[in-house]
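Start at 1 with the first residue, then count along the sequence. A quick note: this is a predicted structure, and the numbers were derived from the prediction, not measured. Only this structure's heavy atoms are used, side chains among them; waters, hydrogens and symmetry mates stay out.
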Amino acid sequence: MKAKYIIIASAMVLVALTQTSCEKVSPIGVLMAGTAVEDRVKMSELYYKEYLMDAQNNIIVQPDEGGGREYSFLVGGDSHVTTDPGRMDEMFDIGLENNDLLYCHLGDIADTKPEYYIVLDSLLREAKERYVNKYYVKNDLGRWSKKNDPYDEFGYDYNDIKFPFFPVVGNHDLTHNGWALWSNIFHSSFYEFDVICGYNENGGRIRDHFIFLDTASGTLGQRQVELIEEGLLDGENDYRYTFVFSHTNIFLPSHLQFASTFPREEAYFLLNQFDKWGVSAIFCGHVHKWDERFFNNVYYVTLDSMSERNSPDPGDYLVRVKVYDGGGYDIERVHMSYVAPKK
C-alpha cells in the first residue's frame, strides 16, 4: 500500500475548475468555512483509514554521528498563497538549511482560486525536488536511497518519496468550493503520525505523537467528535510528547480580535481531550496575531500570518520546535525576510 501525504494535483485538473470559480470576494470564509465539516470529515475518514493508518507513515529520526536522535520541525500558517509564493518558498528554504525534519502548516494555505493552487502545486514540486536532492542519492538502478541510512538497501521510486509537509485545512481554504482544490492535493483534513526516536532502556520505542485536526469551520462537527471519542486519533498511551495542530484557536489573543472560535461546549471538550492525550503543545493560526500561554500544563501557541500581504515587513512568523535526544523541547520564533519586489 502506497500512502502519500502529498499527492500533487495536475495543472489540467486545476485549470478545468476555473470554469466554476468565483472572482469576487465572499464574506463566507471570514468567520467560517464554506464547506460543511461533516462532509469533509466523512470524506477524510475514508481516505485516512485506507491510506494513512499504517506504520509506514511514521517518521523515523536517523541517528547523528554521535548516535543521538535530536530533531526539529517548523510551524507556519496563514500563508494565503496567491501569485507570489515567496514566503512559503522561504519556509522550505529555512527548513532545508536547518535540517528540520518536517514542516507543519496551520491552514489558509492559499486563497481559493484555481490559478493560486497551480502556483502552490509548482511550489510543492520544486520544494520536494530540493528536499530529495539534499537527503537522497540516486543509485545505479535509478532509484533514490536515503543518504547515510544503512537500512535503505533498495531505495525508492521518486514518486513514492514523501515530502514531509503536513497542513491542516483553514476556513479560507474552503470558500468558493475550495475543498475540491485543497482535498485534491492533501486528501484528508485530519490525520496523525508518530515520530520515532530510537529505543528506551527497556527496549520500547521512544515516540512523539503529531495530531492534525479539522477545525476550519470553527467546530469539530459531530462525526469528528465521535471519531476522537472512539480513539481514532489516540494511538497508544506511551508517547513522550504529543503535539496538536489546529487552524481555529481555543484562546483569542484579545477580546477585540475579529475571528471565530469554538462553541463553549466544544472548547471544553477539547480542553478535556488535550488532557487525556497528554498534549505538550498546540499550535493554531487563524487570527494573524501572536499569542502564547499555558493552560492546564498545555502550551498554546498562536502564530502570526506568514503571508506577505498580511505581514508585509520581515518578521518572526515561524516557530521551530527542537526536541532533544535526552528529553525536553524548546520552541523558538524564526525570522522571515522575504519581501516581494516592487512592480
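Between the side chain of S44 and the backbone N or O of S189 there is at least one donor-acceptor pair closer than 3.5 Å. Of the possible donor and acceptor atoms, none in the side chain of E308 sits under 3.5 Å from a partner among the backbone N and O of G86.
In this structure, K162 fails the cation-pi test against Y156, since its NZ or CZ atom is not both closer than 6.0 Å to the six-membered ring centre and inside 45 degrees of the ring normal. Judged by a 6.0 Å distance limit and a 45° cone about the ring axis, R40 is not positioned over the six-membered ring of W182.
Side-chain atoms of N98 and D100 form a donor-acceptor pair, as typed in the model, at a separation below 3.5 Å. In this model, no donor atom of one side chain and acceptor atom of the other lie less than 3.5 Å apart for Y51 and N57. Between the side chains of Y317 and D78, no donor N or O sits under 3.5 Å from an acceptor N or O. Between the side chains of S79 and H105, a donor-acceptor pair is found at a separation under 3.5 Å.
Between F262 and F269, a ring centre-to-centre spacing not shorter than 6.0 Å is recorded. Remark: aromatic rings of Y299 and Y329 are distant, center separation not under 6.0 Å.
For the atom pair CG (D89) and CG (D84), the distance works out to 9.5 Å, reported to the nearest 0.5 Å. In this structure, the separation between OG on S217 and CG on D39 is 10.0 Å, given to the nearest 0.5 Å.
Ring geometry, Y239 versus H209: the interplanar angle falls under 30°, so the pair is classed parallel (tilted spans 30 to 60°). The aromatic rings of F245 and F212 lie parallel to each other, with less than 30° between the two planes, well short of the 60° mark.
S145 approaches N139 most closely through the heavy-atom pair OG-ND2, 3.4 Å. Minimum heavy-atom separation, R223 to V41: CG-CG1, 3.8 Å.
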### Message
I'd like to know whether F210 forms a ring-ring contact (aromatic ring centres under 6.0 Å, His included) with F193, so could you lay out the CA-CA distance, the side-chain angles of the two residues, the decisive distance to 0.1 Å, and finally the verdict.
### Response
CA-CA 6 Å; F210 288 67; F193 58 86; 5.3 Å; yes
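Among T302, T215, D291, L106, the single residue meeting the side-chain contact (heavy atoms from CB on, under 4.5 Å) criterion with N249 is T302.
In this structure, E230 places its CD atom where more than 12 heavy-atom neighbours from other residues, nucleotides or ligands lie under 6.0 Å away. Other residues, nucleotides and ligands place more than 12 heavy atoms under 6.0 Å from the NZ atom of K134.
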